[in-house]
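Here's the structure, in structure tokens; my notes come after.
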Amino acid sequence: MAHTSRIPSFRNLTVQERIDAVAAETGISPERLEGFSGDAFPVAKAEHMSENVVGVFSLPVGVATNFIVNNREVLVPMATEEASVIAAASNGARMARELGGFTTSSTGPIMQAQIQLVDVRDPAAARLRILEQRQRIMDLAALQDPKLAEVGGGVRDLIVRVVPARYGTYVLVHLVVDVRDAMGANAVNTMAEAISATIAEVGGGRALLRILTNKADLRLARARATFDAAALGGSAVVDDMLHAYALAEADPYRAATHNKGIMNGVSAVVLATGNDTRAVEAGAHSHAVNAAGLYSSLSTFEKDGNGNLSATLEMPVPVGLVGGATKVHPAAQSALAIAEVATASELAELIVAVGLAQNVAAMRVLATEGVQRGHMSLHAKTLAAAVGASAEEVPQVVAGLIEERVFRHDRAEAILSDIRRGAKA
Ligand code: MEV
């Protein structure tokens with residue numbers, strides 16, 4: 001646990017000072033953060049991770065501040081190319097902090113694989129034949145990964161569904177597996193392939209697809225927090241945020257953007273920890289379809305008895321701590337050192353807390369001043385740096401650009417030379 005995740009002037013520090021501050025607050029040695037240095041992941045390492053490799057593609061990694069999750073102060077590593085995301089997550093966490101931060105829970109790391117049987121003559125009876133052999137098939141699956149049981153995981157269930165489709169009625173067997181600290185794709189895919197012949201024999205017909213489902217609805221993580229109305233800007237802001245939420249709940253066009261805001265936070269932590277962003281994104285969006293079949297908001301907003309905003313987020317978060325890029329990429333190792341999570345479920349819960357902070361922060365801005373003001377001041381900062389402003393000159397150039405409301409390279413250059421002329425005079 002970090003001593004505190006509240007480091008007020010964090011954004012104004014140099015990169016080295018930020019690393020030192022993170023090390024000091026978490027108590028980890030600065031060497032464990034060396035995975036973030038630009039040269040920690042050379043092409044030679046990257047070459048073994050993918051195919052036809054010609055180089056590496058780097059992104060900024062930042063640390064979101066202010067998070068309290070289950071009474072634990074935590075600094076959160078986030079990798080993103082988008083400006084404002086890490087600042088917004090930190091801001092959301094600051095507003096949640098006033099009333100205790102985030103409370104999280106999860107179902108546990110349960111993944112499912114599907115085996116599709118085609119050409120089954122009697123699907124309803126096939127379903128029962130397979131269920132009669134449930135234990136034998138589960139035991140066969142378990143044989144593929146004896147280590148998993150040793151660490152407390154293993155095969156948990158076998159579910160059989162009958163799904164009528166365009167070219168026939170398919171019998172679908174779901175193998176339900178507790179994958180512990182793995183993301184679990186390899187474990188369940190291996191098992192699915194191993195049991196498919198037996199399933200085809202028992203059910204009749206032919207086994208075709210044997211693959212995990214990314215609709216990981218048995219691997220949910222949840223976060224809730226109460227956001228202080230005063231910190232949000234008052235009761236009228238809370239009411240407008242509820243209108244904004246209600247729109248996301250009712251209208252898929254808004255829901256997609258609302259959920260994209262959540263994924264800004266979620267995917268940044270998933271990526272920083274070397275996990276599979278597409279798996280989490282697929283799971284999230286499949287989960288966003290409500291019982292009525294409408295694509296809707298992943299989060300919920302309500303006003304509590306004290307007029308504060310009570311917000312929740314529940315979604316599938318299939319992430320691991322072992323295997324894949326998480327193990328191989330030095331930046332992922334440094335990110336996990338900062339996050340200080342002991343299990344994959346704990347990481348999943350932290351990720352949902354970040355998604356919720358991100359969502360509330362975005363909604364507050366949207367319900368008040370709009371996103372462009374903040375974006376423009378960040379854009380102005382980038383322009384100031386691009387025209388060669390020094391650390392002392394950047395704020396002056398930014399102020400000049402904001403005053404003019406013209407965000408162009410030539411204006412940044414002109415303002416900088418005015419500043420320099422003024423300084424000489
Ligand atoms: C931009 O990356 C994310 C937002 O559009 C999210 C939202 O509209 O809720 C600001």
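Each ligand, and each atom within it, is numbered from 1 in the order the structure gives. Computed from a predicted structure; not experimentally measured. These numbers come from the heavy atoms of this one structure, side chains and all, not from hydrogens, waters or symmetry mates.
Between the side chain of N189 and the backbone N or O of A185, at least one donor-acceptor pair lies under 3.5 Å.
Less than 4.0 angstrom separates some heavy atom of E82 from each of these atoms of ligand 1: 1 (C), 2 (O). Below 4.0 Å from some heavy atom of K260 lie the following atoms of ligand 1, by number and element: 1 (C), 2 (O). Listed by number with element, the atoms of ligand 1 under 4.0 angstrom from any heavy atom of L366 are 7 (C), 8 (O), 9 (O).
Counting heavy atoms from C-beta outward, M78 and V63 have side chains that stay 4.5 Å or more apart.
The neighbour count for R11 CZ, taken as heavy atoms of other residues, nucleotides or ligands under 6.0 Å away, does not exceed 12.
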**Study point:** side-chain contact (heavy atoms from CB on, under 4.5 Å) between R222 and T103, worked out
**Key:** CA-CA 8 Å; R222 318 175 187 103; T103 303; over 6 Å; no
Exercise for review: Apply the test salt bridge (Lys or Arg N to Asp or Glu O under 4.0 Å) to residues R18 and D20: give CA-CA distance (whole Å), side-chain angles for both, the deciding distance (0.1 Å), then the verdict.
Suggested key: CA-CA 5 Å; R18 289 190 199 116; D20 293 342; over 6 Å; no
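Between F102 and F67, the ring planes lie parallel to each other; the angle is under 30°, not in the 30° to 60° tilted range. Taking the six-membered ring where the residue is Trp, F407 and H379 present tilted rings, their angle falling between 30° and 60°.
Of the heavy atoms in N359, none comes closer than 4.0 Å to ligand 1. Contacts between R254 and ligand 1, counted as non-hydrogen atom pairs separated by less than 4.0 Å, involve the side chain only. Contact annotation: for V365 versus ligand 1, there are no heavy atoms closer than 4.0 Å.
When only non-hydrogen protein atoms are considered, atom 3 (C) of ligand 1 lies nearest to N264 ND2, 3.4 Å. Remark: minimum distance from atom 10 (C) of ligand 1 to any protein heavy atom is reached at V371 CG1, 4.0 Å.
Of the polar atoms of H258, none of the N or O atoms is found under 3.5 Å from an N or O of ligand 1, judged by distance alone.
Protein heavy atoms are found inside the 4.0 Å sphere centred on atom 6 (C) of ligand 1.
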